[in-house]
Each structure stands twice: as structure tokens, then as C-alpha cells.
Amino acid sequence: MEILKDVVNWVLNLGAPVFVPIIMLILGTVAGLKFGKAFKSALTLGIAFSGMTLVVNYMMDTISPAAKSMSKLFHLSLNSIDAGWTGVAAITWSYKTAFLFFPLLLIINFIMLTFKWTKTLNVDMWNVWNKIFTYVVVYYVTGNSLYGFIVASIQIVLELKAGDMWQRHIQDLTGMPGVTVPHLIGLFAVLLQPLNKLLDFIPIFNKPADANALQKKIGMFGENSVMGAIIGVLLGFGAGYSISKSLGLAVSAATAMTLFPMISKLFMEALNPIAEAMNNMMKKRFKGREIYIGLDWPILAGRNELWVTVIILVPIMLIFAMILPGNTVLPFAGIINLSFVVAALILTGANLWRMIALGIITTPIFLYGGTYFAPIITQLAQKTHSVKVPAGQQLSWSTFEAPDFRLFFAQAFNGQWWAILGAIIFLALFVWLYVDQNKIALPSQRYGIPAVATENTVTPSEEPIKESKNIDNSNLKLDSLDGQDFSNVSKKKPTQN
């Protein structure tokens, strides 16, 4: 066990820009790609990950101070400190049984691939922390470690099946063949699905509203850089910034929005040869069987609808934090709501109006989820000695990933009848989502948008794939919070600022 733990820690220390390319180099070589070409593709993938990490972190570092300033203007006085996903992940990796979830993921994935229960090969080892955290949540609620492993295993299965159903949509949105996103944040689409279906009855939501469609309607105001600048300057004014500082924020946002699709081209350059080699190998050895490579969500980060939505939702979340009764979470580190927007992007086919509407409707779910799970996150931090939490305060996450899944299944194994019913309904809704997404028109063919032919060949059973001009990928590095002192984050009195 100690050897396995050391191996896992060594892998984690490599970092995603090194670890993932090594895996892809091995996969490409095994699939018959010449070593030189496989090495170049793997190296390009590492460059793309590093580049996207820089831009995503730049974007978030630009927006977060404005969000903090805005929260001061709103006179928010809340006692749950928002550590964001990086804070919770750093704490989770410190848990004593964390290393066991690597073999758990690999074994389940291997079994499902062997019996053709999935087409997804998940190489996104970094998000193993999500399974670990689910285990911790269930264990803290039930006191039973076996139940924690069972729910984490259910999560792995659902993620792999979600990877299967999302693949054709992701290819349509990004132009990247053979890759998918088996990530927990995609499961929030289970709750978004019935809401999105209701929007079908409202005419405005049935019109083209992706970035390209908007650009055709409003000209230069729909371009990446201009949209970023407009949103940036408005956010600056909303945060109480001076004119000069707001203009600086506008340029920073425009810079990030311009660089996202540029870096995404590197992902396409890196992934296309490997994906093609994998598909050719499967056709030869497994009678045409397809295998999708499961990667982290940032392969979708080139879609500008994603960033426009999360920035617009920043003031919305702060307003909800102020007015929702019982909420204790002060949005800060996690205020960029990636836990919502990825599922919304794929589900709606990058329809900006739908994404914003769904975000406004569901924002309270995340704040109440962060409030509910704050005691568990705080206990985890105290037990692992990862983060120092001041007396009288708690640690939380304002955009808590999959709060519905974790709440229902943790309490279901705790014997709560309402949670058992909720878990059953969740699984039923997932089946509905799975069936619907396997037959619904691709994003490029919805809302009256004509499909655009590409060079990618498809089988007769497949629909034409549109190559998006807004393609991107990134990987967020996990910042360690070891020894971090939150004592300087105090409650704000209404009379301040």
C-alpha cells in the first residue's frame, strides 16, 4: 500500500501538462502512430495544457478581485469562506485513503470497456479527487467507508456513460474527434434537462444564440475581443472601479477571450493524429469498435459562450448570496461557476440565452449546496490539517460540484426516505438525459442553424459535424493550500465600505 501511495504522489507531482502527454504518447504509440509523430503530438498537447492553464488562471485572477470588490459593495456578512474547487481539491488530496481511488477508477473503466458497457477511456486522472471527495462526503454522513466507495463507484460509472453521450456533441462544438469529457460537472445536466425542455416553449430561446450567430447579428460587438472588453468594463463599473481600472479590466478580459481560441488550435493539432490512430486500431482489432479518450472539461474552454455566461453570473450570484435566507457562503474563490456552465454549454448546444437563463434559475442550488456541505468541508480541513480555519467560521465552496448527486446519494445510504426517492429520481432523469442526448440534433443543427461540412468523415449513422471556430482547452493546476491562513478573511459589517 505504501508503495502504491508513493507512486500516486509521484504521478501527481508531475503535473497535468506532463502526465497527460505521457499517457497520450503511450496510447498513440500502441495505436500504431510512428513514435516521432506521437511524440510531437504529445509535446504539443503539453504545450497546449500549459498555455491554457496560463490563460484560464489569468482570466480568473482578473475577474476574482472584481468579484471580491463587488461583494464589499453589497455589504455581504457571511461566515463560510469560499475556498473554491482548488481549495477543496487540495484538502481532499490530503485524505489518508486518496491513493486507493486511482486503481478503483482504472478497474471500473477496464471492466466497462471489456464488456462494451462504455466507449470512454478516461485518462483524466487529475479529477480522481472528485471521487475521493464524494467518498469523504458519504463517509462523514453515514460513518460507513464501504458506502463511500459504493457511491464513488456509482459516480465513476455515470461519468463514463456521460462521456459516451456527450462525445458527438463535444466533437460538434470543438471540432475535436474522438475525445469527450467524463467529468462530474457534466452530471448537473440531469437537473438542467427538464428546465431546458421547458425553455423550448419560449420562442426567444429557440433562435440561434451561439457566439457566431450573435456576431452575424450585431457585427463587431459579437467578436471575441469586443465582447470581452464590454463585459470587462461593465464588471469593473459594477465593482466600483475607477474608469482607468475598469478599462484595464476590459483589456484583460479581451486578451483572454482572444487567446482562448488561439491556444485551442494546439489541442486540435495534438489530439487529431492520436484520435485517428486509436480509431484505426479499434476498427482493425475490434471490428470497427470506437474508443473515446476522456479528458478534462477545458477542451471546451474555447467556446466564448462559456466565459460570457460565467462572467454575467458573477453579480447574479452575489445578489443571491445577499438575499437568500439561510445562506452562509460568501462567494469568492469559486465565484466563476464552472460547476454549472460546462453542463449548460453542452446541453443547450452553446445557446447563450438558454445558458444565462438556466444559470439564474439554478444559482441558489449551488449556494445552498455550499451552505449544507460547509461543516463537512470544514471537518475535512481540520482532520487533514491542510487549511487553518478561524474559530467561528467555516470553509465551503460557493459553486459546489454536483450538490444534488452528493446530497441524495449520501443521505440515501444514511437511510433517509426523501433522499432514497431523490436518488431514484436522479437516476431516472439521467436515463432520460442519456436517451435524449443520443438522439437530439447536434448543436450545429439546432435552432435553425445549417450544418457545416468538414473534412472529417462519418459513418452513415452519424450526423455531419460542424467544426467550430471557437475551440479551446486547458488544464487548471492544483494550487496547494498547505498551511494557508484564512484568519485575515473576516465578516464584513454593513457599515463598512
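Here side-chain hydrogen bond (donor to acceptor under 3.5 Å, both in side chains) pairs that include residues 331-351, with residues two or more places apart or in two chains, number zero. Annotation: salt bridge (charged side-chain N to carboxylate O under 4.0 Å, His left out) contacts involving residues 412-424, sequence neighbours excluded, are absent. Under the salt bridge (charged side-chain N to carboxylate O under 4.0 Å, His left out) criterion, no residue pair touches residues 400-416, with sequence neighbours excluded. The list of side-chain hydrogen bond (donor to acceptor under 3.5 Å, both in side chains) pairs with a residue in residues 180-192, not counting sequence neighbours, reads Asn127-His183. Evaluation of the salt bridge (charged side-chain N to carboxylate O under 4.0 Å, His left out) test over residues 351-362, restricted to residues two or more places apart or in two chains, returns Asp200-Arg354. Identified under the side-chain hydrogen bond (donor to acceptor under 3.5 Å, both in side chains) test for residues 102-113, with sequence neighbours left out: none.
For Ile356, the side chain to side chain contact (heavy atoms under 4.5 Å, CB included) test picks out Thr309, Ile312, Leu352, Trp353, Ile360, with sequence neighbours left out. When the side chain to side chain contact (heavy atoms under 4.5 Å, CB included) test is applied to Ser41, the partners found at least two apart in sequence or on another chain are Pro273, Ile274. Contacts of Leu106 classified as side chain to side chain contact (heavy atoms under 4.5 Å, CB included), with partners at least two apart in sequence or in another chain: Met125. Residues satisfying the side-chain hydrogen bond (donor to acceptor under 3.5 Å, both in side chains) test with Gln167, not counting sequence neighbours, are Gln171. Residues satisfying the side chain to side chain contact (heavy atoms under 4.5 Å, CB included) test with Leu429, not counting sequence neighbours, are Val190, Ile425, Trp432.
The closest side-chain heavy-atom distance from Leu121 to Ile293 is not below 4.5 Å. Under the 4.5 Å side-chain criterion, counting only non-hydrogen atoms from C-beta, Ile26 is in contact with Val30. Under the 4.5 Å side-chain criterion, counting only non-hydrogen atoms from C-beta, Lys197 is in contact with Asp436. Annotation: side chain of Pro443 is in contact with side chain of Arg446 (closest heavy-atom distance under 4.5 Å). The shortest side-chain heavy-atom distance between Val181 and Asp296 does not fall under the 4.5 Å cut-off. No side-chain heavy atom of Ile156 sits under 4.5 Å from any side-chain heavy atom of Phe101. In this structure, Lys131 and Glu159 have side chains that are in contact, with non-hydrogen atoms separated by less than 4.5 Å. Counting heavy atoms from C-beta outward, Phe340 and Leu358 have side chains that approach closer than 4.5 Å.
Using modelled atom types, one side-chain atom of Lys161 and one backbone atom of Trp117 make a donor-acceptor pair closer than 3.5 Å. Distance alone, capped at 3.5 Å, is enough to place a donor-acceptor pair between the Asp164 side chain and the Lys119 backbone. Under the 3.5 Å distance criterion, the side-chain polar atoms of Ser396 are matched with a main-chain donor or acceptor of Gly370. Side-chain atoms of Thr120 do not come within 3.5 Å of backbone N or O of Asn122 as any donor-acceptor pair. Distance alone, capped at 3.5 Å, places no donor-acceptor pair between the Asn196 side chain and the Leu192 backbone. At distances below 3.5 Å, not a single donor-acceptor pair connects side-chain atoms of Trp85 with backbone N or O atoms of Trp397. Asn144 places a side-chain N or O within 3.5 Å of a backbone atom of Leu146 that can act as its donor or acceptor partner.
For Ala38 against Leu33, the heavy-atom pair with the smallest separation is CA-CD2, 3.7 Å. Listed here is the closest heavy atom pair of Leu338 and Ile185: O-CD1, 3.9 Å. Of all heavy-atom pairs between Val137 and Ala410, the closest is CG1-CB, 4.1 Å. Closest approach of Ala412 to Ala419, counting heavy atoms only: N-CB, 3.3 Å. Considering all non-hydrogen atoms of both residues, Ala350 and Arg303 come closest at CB-NH2, 3.6 Å. Gln394 and Ala374 make their closest contact through OE1-CB, 3.6 Å (heavy atoms, listed as atom of the first residue, atom of the second, distance).
Here Leu427 contributes atom CG and Phe405 contributes atom CZ; the two are 8.0 Å apart, rounded to the nearest 0.5 Å. Atom CD of Gln155 sits about 10.5 Å away from atom CG of Leu160, to the nearest 0.5 Å. Of the inter-residue distances, the one linking Ser398 atom OG with Leu367 atom CG reads 6.5 Å to the nearest 0.5 angstrom. One distance of note links CG of Leu104 with CD1 of Ile132; it measures 10.0 Å at 0.5 Å rounding. For the atom pair CZ (Phe115) and CG (Leu113), the distance works out to 11.5 Å, reported to the nearest 0.5 Å. The CG atom of Leu191 lies 10.5 Å from the CG atom of Leu433; values are rounded to the nearest 0.5 Å.
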Side-chain atoms of residues 316-331: list all donor-acceptor pairs with protein atoms under 3.5 Å, sequence neighbours left out, distances to 0.1 Å.
{"unit_1": "Asn327", "atom_1": "OD1", "unit_2": "Val329", "atom_2": "N", "d": "3.2"}
{"unit_1": "Asn327", "atom_1": "OD1", "unit_2": "Thr371", "atom_2": "OG1", "d": "3.2"}
{"unit_1": "Asn327", "atom_1": "ND2", "unit_2": "Ala321", "atom_2": "O", "d": "3.2"}
{"unit_1": "Asn327", "atom_1": "ND2", "unit_2": "Val329", "atom_2": "O", "d": "3.2"}
{"unit_1": "Thr328", "atom_1": "OG1", "unit_2": "Ser80", "atom_2": "OG", "d": "2.9"}

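Aromatic ring centres of Tyr139 and Tyr147: separated by at least 6.0 Å. Taking the six-membered ring wherever Trp is involved, the centroid distance between the rings of Phe188 and Phe366 falls below 6.0 Å. Ring pair Phe400/Tyr368: centre-to-centre distance not below 6.0 Å.
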Exercise for the section: Walk me through it: do Phe426 and Leu158 pass the test side-chain contact (heavy atoms from CB on, under 4.5 Å)? Expected result: CA-CA 11 Å; Phe426 182 93; Leu158 293 179; 4.0 Å; yes
Practice task
Quick one: do Gln437 and Arg168 satisfy side-chain contact (heavy atoms from CB on, under 4.5 Å)? Show the steps, please.
Solution key: CA-CA 9 Å; Gln437 293 303 301; Arg168 69 190 190 102; 6.0 Å; no
Exercise for the section: List the steps, then state whether side-chain contact (heavy atoms from CB on, under 4.5 Å) holds for Met112 with Phe110. Expected result: CA-CA 6 Å; Met112 291 184 68; Phe110 175 77; over 6 Å; no
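No option in Ile299, Ile170, Leu295 other than Ile299 meets the side-chain contact (heavy atoms from CB on, under 4.5 Å) test with Met176. Paired with Tyr135 under the rule ring-ring contact (aromatic ring centres under 6.0 Å, His included), one option of Phe149, Phe413, Trp129 passes, and it is Phe149.
Applying the 6.0 Å contact sphere to CH2 of Trp418 captures more than 12 heavy atoms from other residues, nucleotides or ligands.
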